[in-house]
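Below is one structure, written out as structure tokens, with a few remarks after it.
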2 protein chains.
Amino acid sequence: MGPLGSYLPYLLNRAGARIATSFGEAVRPLGATLQIWRVLAALRERDGQRMGDLSATTSIDVSTLTRLVDGMEKKALVARRRDPEDARVVVLHVAPEGRRLTRRLLPIAERYEKVALQGFNAEETEQLKAALRRLYVNMDGLESPHKARG
Amino acid sequence: MGPLGSYLPYLLNRAGARIATSFGEAVRPLGATLQIWRVLAALRERDGQRMGDLSATTSIDVSTLTRLVDGMEKKALVARRRDPEDARVVVLHVAPEGRRLTRRLLPIAERYEKVALQGFNAEETEQLKAALRRLYVNMDGLESPHKARG
DNA sequence: TCGATATATTTGCAAATGCAAATATATCAC
DNA sequence: GTGATATATTTGCATTTGCAAATATATCGA
């Protein structure tokens, strides 16, 4: 077995952590964080998601999400609404302030995409993304049984 | 722009976080953590590294590393030694208990490598690893100026 | 040798995280 | 309808994290 730098988990986690940290720094001046961006991006895709759905699509733990949304509500980025169909459910809607912030975050996200993938052509990019999705799914086989995720 | 799941930072960070968490769970029964494994793997590659070097090769912040090493010393996995050449420097050496643990962790690491890369052939695997290294380096271009890393 | 500056590590502290327990509501069996 | 069980969210709490300040040692220049 080779050095640490040849292990996939290391390479993957290292790259993932770095891009996350770096992105976080980039959006801080706008009063945002990586997690806020994820929630906004998820809601942009489909507004009015419930906490549980958001947790799944953003990969943010529900308990963390609760507190994150607390903060986002205070900033008027989103609004919680009780689902009238099922009062256990809370659905989240983007507020005007949230849409405004999303518009400002999008170019940053695009820039990150571009810089991170510098030197990758379209095919390589798609291959990489496909590999990352595949890998994520492969990990199902290792997840502890009781808390498998979507 | 597409949904969250088409953004590279998201895909990357998600996969990286998942493999890290999962690996962490797998080694917990042995009293280890992902970070402990990283330090041991780094020392296995080269024993007697200084804190700063270890921080760089493992991507663990030095302050975190200090506390991590505190714990590892208590478990007799490693031993700190003051460098006689330069008393500012602390070098870390694996202890017998640490070697023993490393031997038990190696097969787990190999298994993770295998399962995560299920369905990837040798070429695809190398492509992915190369892409992750390249990506990591690309991020240099976005890092905030004052704290660039090796 | 003394002071100034540089480098290496540790400590202080506050924020983020995630598990488990608590709470709230729903649904099912009877 | 009532109690038991299931589902959704929040809260409690302990751990992890990383930045910034503090400490320790080294080196350089006068």
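These numbers come from the heavy atoms of this one structure, side chains and all, not from hydrogens, waters or symmetry mates. Naming: A, B, ... by sequence-line order, numbering from 1 per chain.
Atom-to-atom, CG of Leu68(A) to P of dT10(D) comes out at 12 Å; the value is rounded to the nearest Å. The distance between atom CD1 of Ile60(A) and atom P of dA16(C), rounded to the nearest whole Å, is 12 Å. Counting to the nearest Å, the P atom of dT9(D) and the CG atom of Leu92(A) are 10 Å from each other. Atom CG of Asp61(B) and atom C1' of dT9(C) are 12 Å apart (whole Å). With rounding to whole Å, Leu54(A) atom CG is found 13 Å from dT9(D) atom C1'. Distance CD (Gln49(A)) to C1' (dA8(D)): 15 Å, rounded to an integer number of Å. Following rounding to the nearest Å, Arg50(A) (CZ) and dT10(D) (C1') show an atom-to-atom distance of 16 Å. dG18(D) atom P lies 11 Å from atom CG of Leu65(B), rounded to whole Å.
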Can you check side-chain contact (heavy atoms from CB on, under 4.5 Å) on Leu11(B) and Arg133(A), steps first, answer last?
-> CA-CA 7 Å; Leu11(B) 291 172; Arg133(A) 290 198 192 92; 3.8 Å; yes

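Side chains of Arg38(B) and Asn13(A): a donor-acceptor N/O pair is present below 3.5 angstrom, by distance only.
For the pair Tyr112(A) (side chain) and Ser22(A) (backbone), a donor-acceptor distance under 3.5 Å is present. Put simply, the side chain of Ser55(A) gets close to the backbone of Ile60(A): a donor and an acceptor are under 3.5 Å apart.
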Just the atom pairs and distances: protein N or O near nucleotides 12-16 of chain D's N or O, under 3.5 Å.
unit_1	atom_1	unit_2	atom_2	d
dG12(D)	O6	Arg67(A)	NH2	2.9
dC13(D)	N4	Arg67(A)	NH1	3.4

Under 3.5 Å, which N/O atoms of the protein pair with N/O atoms of nucleotides 23-26 of chain C?
unit_1	atom_1	unit_2	atom_2	d
dA26(C)	OP1	Ala87(A)	N	2.9
dA26(C)	O4'	Arg88(A)	NE	3.4

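Val137(B) forms part of no hydrophobic cluster, judged by ILVMFWY side-chain heavy-atom separations under 4.5 Å.
Contact check for Val39(B) versus Leu65(B): side-chain heavy atoms found under the 4.5 Å cut-off.
A salt bridge links Lys129(A) and Glu113(A); the closest N-O separation between the charged side-chain nitrogens and carboxylate oxygens is under 4.0 Å. With salt bridges taken as basic N to acidic carboxylate O contacts below 4.0 Å, one links Glu73(A) and Arg80(A).
Side-chain proximity of Val90(A) to dT9(C), dG18(D), dT9(D): nearest is dT9(D).
Applying the 6.0 Å contact sphere to CZ of Arg99(A) captures more than 12 heavy atoms from other residues, nucleotides or ligands.
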